[in-house]
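Along the sequence shown, residues carry numbers from 1. Note that the structure is predicted; figures quoted are calculated from it, not measured.
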Amino acid sequence: MTDTDHIEFFRSFQHFTTARAYAALYWTLNRKNEAEEELTETLEVLQPYGFVRVVADEGEAVVPVLKRILSKVGGKEYTGPLTRAYVNAVMLAAHSFGTSHRGYMTEAGGKTDKPVKLSKQQTLMLELLAQGYKNAEISEMTGLSIPTIKSHTSLAYKSWG
């Protein structure tokens, strides 16, 4: 693996970590369809590689979303690429990991009855990161400096937990 390959692999990991957290955030904000879409897209990309843990590490926070996806994948009318076995494996791993780590979104939800509130900039940074953009690309797109982008992202994650 070359240095460039290593960087791209790490970037992919960051993208999927952000996507799973974003799905959990949508669920917490009662935006269940968006949570399902976000996590479904992520699983569709990860399934061919057999990656389970990158989603499961969110713990119990993603289990309700995974249950919803699993019920759709198990339905007769489902024609998408996800297999019931893969989604079930991810869900079981998330549940298992959840015995020691409830997930950032679940922990945040337990602290207050109010939904997590993010500023427009924090939301935008997470959306762009979830779409796979690098900080430098986000800087070019928004005109914000990289430290500002990192600050917005950091504050968004801190507000969850």
Side-chain angles (χ1 to χ4, degrees), residues 4 6-47 49 51-72 80 82 87 90-91 93-161:
T4 306
H6 180 65
I7 291 168
E8 284 303 310
F9 182 74
F10 183 72
R11 181 175 166 232
S12 296
F13 178 79
Q14 286 180 315
H15 166 74
F16 293 121
T17 301
T18 302
R20 77 160 194 240
Y22 214 32
L25 174 62
Y26 280 143
W27 191 267
T28 301
L29 296 173
N30 204 28
R31 293 165 60 183
K32 297 185 184 330
N33 289 336
E34 291 169 277
E36 180 185 344
E37 289 172 19
E38 186 74 38
L39 201 54
T40 297
E41 289 174 14
T42 299
L43 292 171
E44 287 173 356
V45 174
L46 296 174
Q47 179 178 273
Y49 304 101
F51 292 150
V52 169
R53 189 158 177 195
V54 71
V55 174
D57 279 356
E58 191 62 35
E60 286 295 323
V62 292
V63 170
V65 188
L66 289 165
K67 284 181 181 178
R68 185 169 170 167
I69 293 169
L70 186 61
S71 79
K72 280 197 175 180
L82 290 175
V87 177
V90 174
M91 187 174 67
H95 181 69
S96 176
F97 187 68
T99 60
S100 62
H101 178 74
R102 293 176 40 213
Y104 301 110
M105 297 312 305
T106 302
E107 291 170 5
K111 292 180 183 177
T112 179
D113 292 335
K114 297 178 184 176
V116 175
K117 293 191 178 193
L118 301 177
S119 72
K120 289 180 183 179
Q121 290 288 30
Q122 292 169 352
T123 302
L124 177 62
M125 295 309 112
L126 292 181
E127 286 174 350
L128 293 172
L129 287 169
Q131 293 171 17
Y133 290 107
K134 299 177 189 176
N135 286 337
E137 294 168 327
I138 295 172
S139 177
E140 289 176 19
M141 293 166 57
T142 62
L144 298 173
S145 69
I146 291 177
T148 300
I149 292 165
K150 289 181 178 181
S151 176
H152 285 305
T153 304
S154 176
L155 289 171
Y157 285 131
K158 285 180 184 175
S159 69
W160 291 343

From L129, L128, T148, L144, residue fulfilling side chain to side chain contact (heavy atoms under 4.5 Å, CB included) relative to N135:
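Answer to the side chain to side chain contact (heavy atoms under 4.5 Å, CB included) test with N135 among L129, L128, T148, L144: L129.
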List the atom of [X], the atom of [Y], and the distance in Å for their closest heavy-atom pair.
X	Y	result
V90	A56	O-CB, 4.0 Å
I149	S139	CD1-N, 3.4 Å
R20	V55	CD-O, 3.5 Å
K134	E137	N-OE1, 2.7 Å
A94	V63	CB-CG2, 3.9 Å

Report yes if some heavy atom in the side chain of [X] is under 4.5 Å from a heavy atom in the side chain of [Y]; otherwise report no.
X	Y	answer
Y26	E37	no
L118	L25	yes
L66	L43	yes
K72	I69	no

Does the S151 side chain pair with the main chain of P147, one donor and one acceptor, at a distance under 3.5 Å?
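Checking the backbone N and O of P147 against the side chain of S151, no donor-acceptor pair under 3.5 Å is found.
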For the residue pair Y49 and F51, categorise the inter-ring angle as parallel (less than 30°), tilted (30 to 60°) or perpendicular (more than 60°).
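The arrangement is parallel - the two ring planes meet at less than 30°.
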Rounded to the nearest 0.5 Å, what's the gap from CD1 on I146 to OG1 on T153? Could you check?
11.5 Å
Inter-residue atom distance H152.NE2 - I138.CD1, 0.5 Å rounding
11.0 Å
Would you find more than 12 non-hydrogen atoms of other residues, nucleotides or ligands less than 6.0 Å from K150 atom NZ?
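12 or below, so no.
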If you measure only the distance, is there a donor-acceptor pair under 3.5 Å linking the side chains of E127 and Y22?
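Note: E127 and Y22 side chains meet the donor-acceptor criterion.
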Mind running side chain to side chain contact (heavy atoms under 4.5 Å, CB included) on V45 and E41 for me, showing each step along the way?
CA-CA 7 Å; V45 174; E41 289 174 14; 6.0 Å; no
